[in-house]
Amino acid sequence: MDKLNIDVPFYGKQFFMLPFKKGTRILLRKTVDRCANYDSLKLPQRENQVRIISYKGGILLLAVTVPKEIEQRVSIKVTEGFLLVSCSSHQGEKYLSYYASLSLNYLLCNGDSVDFKEFY
């Protein structure tokens with residue numbers, strides 16, 4: 001298996017830049033897992049935990065609900081080579097937030113990758 005070196009800069013103060021598979025708009029699960037403190041396949045999956053609120057101005061807005069916590073918002077924007085991800089709470093400079101990880105896991109649908117070309 002190829003070792004993938006991924007440098008994930010913190011984009012400004014609000015967005016992570018997650019690189020797509022070269023030449024595509026495909027985000028790999030292994031990229032998400034390397035940028036989070038969680039193994040995305042082991043994250044809890046509850047009914048109605050993540051829902052799409054809107055897609056406007058090129059930004060996909062999701063709501064994430066965790067039991068006994070306040071609903072959080074995750075914003076996703078597709079650029080030419082990166083997926084930009086922002087969370088309303090607990091976003092660090094070195095890792096994806098728990099809520100962002102739940103959102104991306106939802107979009108990955110237990111697969112190894114997801115193609116974001118329809119949002120570009």
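From a predicted model like this one, the values you see are computed outputs, not experimental measurements.
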[X] vs [Y] side-chain heavy atoms within contact, under 4.5 Å:
| X | Y | value |
| --- | --- | --- |
| N105 | R29 | yes |
| V66 | L102 | yes |
| F20 | V78 | yes |

Treating Ile, Leu, Val, Met, Phe, Trp and Tyr as nodes and any side-chain heavy-atom pair under 4.5 angstrom as an edge, say whether [X] and [Y] lie in one connected cluster.
| X | Y | result |
| --- | --- | --- |
| V85 | I53 | no |
| I52 | V32 | yes |
| I59 | L18 | no |

Spatial distance of atom [atom1] ([X]) from atom [atom2] ([Y]) [nearest 0.5 Å]:
| X | Y | atom1 | atom2 | value |
| --- | --- | --- | --- | --- |
| C35 | L96 | SG | CG | 5.5 Å |
| C87 | I76 | SG | CD1 | 10.0 Å |
| D33 | K42 | CG | NZ | 10.0 Å |
| I70 | T65 | CD1 | OG1 | 11.5 Å |
| L60 | L62 | CG | CG | 4.5 Å |
| S113 | L108 | OG | CG | 7.5 Å |

side-chain contact (heavy atoms from CB on, under 4.5 Å) for L61 and R73? Distances and angles first, verdict last.
CA-CA 7 Å; L61 182 61; R73 303 291 168 101; 4.0 Å; yes
Under 3.5 Å, is there a donor-acceptor pair between the side chain of [X] and the main chain of [Y]?
| X | Y | answer |
| --- | --- | --- |
| T24 | I26 | yes |
| Y106 | Q49 | no |
| R25 | E80 | yes |

Evaluation steps, side-chain contact (heavy atoms from CB on, under 4.5 Å), between L27 and L107
CA-CA 10 Å; L27 180 67; L107 295 170; over 6 Å; no
Can you name the nearest heavy-atom pair linking K77 to G58, along with the distance?
CD-O, 3.5 Å
Could you go through the side-chain contact (heavy atoms from CB on, under 4.5 Å) check for T31 and L83 one step at a time?
CA-CA 11 Å; T31 301; L83 185 70; over 6 Å; no
